[in-house]
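Some notes on the structure that comes next.
Below, read A as the first sequence line, B as the second, and so on, with proteins coming before strands; counting in each chain starts at 1.
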Protein chains: 2
Amino acid sequence: MYIIIYIFIAMNANPLLKGTLQTIILKLLEDNTEMYGYEITQKVKQASAGEIMLTEGALYPALHKLEAEGFLETFTQVVDNRVRKYYRLTEEGGKEVTSKLKEAQGFIEQLQTILNLKTAAK
Amino acid sequence: MYIIIYIFIAMNANPLLKGTLQTIILKLLEDNTEMYGYEITQKVKQASAGEIMLTEGALYPALHKLEAEGFLETFTQVVDNRVRKYYRLTEEGGKEVTSKLKEAQGFIEQLQTILNLKTAAK
DNA sequence: ATTATATACATAAATTTGTTATGTATATAA
DNA sequence: TTATATACATAACAAATTTATGTATATAAT
C-alpha cells in the first residue's frame with residue numbers, strides 16, 4: 001500500500017503581475033472584441049508561453065471592477081449547458097486602454113533602463 | 001488678503017511598481033557596490049527621468065526586509081553630522097539579483113508580447 | 001461506475017506591498 | 001525665520017493579489 005504525499009511549494013505565481021492585470025484585460029479586449037473570463041486566462045497563458053498565469057481570484061474581481069467603473073459591458077451566453085459571461089469594451093473603456101498602455105510602456109521602458117542599464121544613466 | 005488653497009490630486013505614484021521594488025534595489029546595489037537609502041531614491045528618480053519615484057514608506061521597509069532575509073548587509077557612516085546607513089549585497093544577495101533579474105526580464109518580455117503583440121500569438 | 005481533468009463562474013479570508021501620514025534631526029538657501 | 005534638501009524610521013490605511021472554497025457541467029481515463 002502506497003501513501004502518496006504531494007508537496008506544493010507556493011511560489012507566489014506572478015510577483016510582477018501586480019498593477020498590470022487591468023491593462024492586460026483591457027488590451028486583450030481591444031484586440032479580440034469580446035471574451036469571457038476563462039478564455040482570457042487561457043489566452044494569457046498561451047500568449048505568454050505559460051509564464052503569466054491568471055488566477056481566478058484575481059481575474060474575476062478585476063473584471064467586475066472594470067465593469068463597475070464603466071470600462072466593460074457584459075452579456076451572457078450558454079454554450080454546452082455552461083454559462084459564459086462575455087465582456088466587451090465600452091467607449092470609455094476604449095480610451096482607458098490607450099491611457100493604460102501608454103502608462104505601462106513608459107514604466108517598462110524606465111524599468112528596463114534601470115535593470116539593464118540600456119540607456120546607462122550617467 | 002489672499003487665501004491660497006493647494007489641492008493635491010493623489011494619483012497613486014507608481015501603480016506598476018509593485019513587485020519590482022526589490023529587484024530595483026538589488027540591481028542598483030550590484031552596479032554601485034554600496035548605497036544608502038536616500039541615494040537610492042535619487043538614483044532611481046534620475047535614472048528614470050522622474051517617472052519612478054520611490055516613497056520612503058516603501059523603500060525603507062523593503063531595505064529592512066532584504067537585510068532580514070540575508071541579501072543585504074549594512075554599515076553606518078556620519079557625513080555632515082547626518083547618519084547614513086549604507087547597504088551592500090551579501091553573497092546570497094548576489095545570487096538573488098541574478099534570479100530576480102531573470103524573472104523580471106521574462107515577465108517584461110511576455111507582458112510586451114501581450115500588450116504590443118510584438119510576437120503576435122496565433 | 002468512478003475519478004480526474006477541463007470548462008466556467010463566484011466570493012471570502014489572508015497576505016503582500018505599496019501609499020499616506022507622521023515623527024525626529026541637521027544643513028543650507030531664500 | 002521659513003522652506004527645502006538631506007537622512008532615517010514607523011504606523012495606519014488601501015489596493016491588489018494569492019489561497020482556499022464553493023457550485024455546476026462535460027469529457028476522458030481507469
Specify the separation, in whole Å, of atom CG of B/Leu17 and atom C1' of C/dT17. 9 Å
Output the single nucleotide from D/dT19, D/dA9, C/dG18 whose closest atom is nearest the side chain of A/Thr55. D/dT19
Mind checking whether A/Thr41 and A/Lys45 have side chains closer than 4.5 Å, heavy atoms only? no
Answer yes or no: does a side-chain N or O of B/Tyr60 lie under 4.0 Å from OP1 or OP2 of D/dA9? no
Nucleotide opposite C/dA1 in a Watson-Crick or G-U pair, distances under 3.5 Å: D/dT30
Return the value, rounded to whole Å, for the distance between atom CG of B/Leu59 and atom P of D/dA11. 17 Å
Report the distance from atom CD of A/Gln22 to atom P of D/dT17, rounded to the nearest whole Å. 7 Å
Counting only side-chain N and O atoms of B/Asn81, is one of them less than 4.0 Å from OP1 or OP2 of C/dA25? no
Would you say a side-chain N or O of B/Lys65 is under 4.0 Å from OP1 or OP2 of C/dT16? no
Sort out the partner of C/dT28 for me: Watson-Crick or G-U wobble, both distances under 3.5 Å, none otherwise. D/dA3
Given B/Glu34, which of B/Arg84, B/Lys85, B/Arg88 fulfils the salt bridge (Lys or Arg N to Asp or Glu O under 4.0 Å) condition? B/Arg88
Calculate the interatomic distance between B/Ile52 atom CD1 and C/dT17 atom P; express it in whole Å. 17 Å
Between C/dT16 (C1') and B/Leu16 (CG): distance, integer Å: 17 Å
Just N and O in the side chain of A/Lys85: are any of them under 4.0 Å from OP1 or OP2 of C/dA10? yes
Do B/Leu111 and A/Ile24 touch side chain to side chain, with heavy atoms closer than 4.5 Å? yes
Which comes earlier along DNA chain C counting from the 5' end, the contact point of A/Arg84 or that of A/Pro61, where each point is its nearest nucleotide? A/Arg84
Under 4.0 Å between any heavy atoms, over every strand shown, what does A/Gly57 touch: base, sugar-phosphate, or nothing? Just pick one. base
For a 4.5 angstrom cut-off between non-hydrogen side-chain atoms, does A/Thr90 reach A/Leu72? no
Contact class for A/Glu39 vs. all strands (heavy atom < 4.0 Å): base, sugar-phosphate, or nothing? nothing
Would you say B/Tyr36 places a side-chain N or O within less than 4.0 Å of OP1 or OP2 belonging to D/dA7? yes
Looking at every strand, decide which applies to B/Arg82 at a 4.0 Å heavy-atom threshold: base, sugar-phosphate, or nothing. base
Nearest-Å distance for atom pair CG/C1', residues A/Leu21 and C/dG18: 17 Å
Can you give me the closest heavy-atom contact between B/Pro61 and B/Glu56, atom names plus distance? CD-O, 3.6 Å
Specify whether A/Tyr86 and A/Phe75 have parallel, tilted or perpendicular ring planes, treating 30° as the upper limit for parallel and 60° as the lower limit for perpendicular. parallel
Closest approach to the side chain of B/Glu56, judged atom by atom: which nucleotide of D/dA9, C/dT19, D/dT17 is it? D/dA9
D/dC13 -> Watson-Crick or G-U wobble partner, both distances under 3.5 Å, gives C/dG18
Please report, rounded to the nearest Å, how far the C1' atom of D/dA15 is from the CD atom of A/Glu69. 12 Å
Please determine if a side-chain N or O atom of A/His64 lies less than 4.0 Å away from the OP1 or OP2 oxygen of C/dT11. yes
Please report the distance, rounded to the nearest Å, between CG in B/Asp80 and P in D/dC8. 13 Å
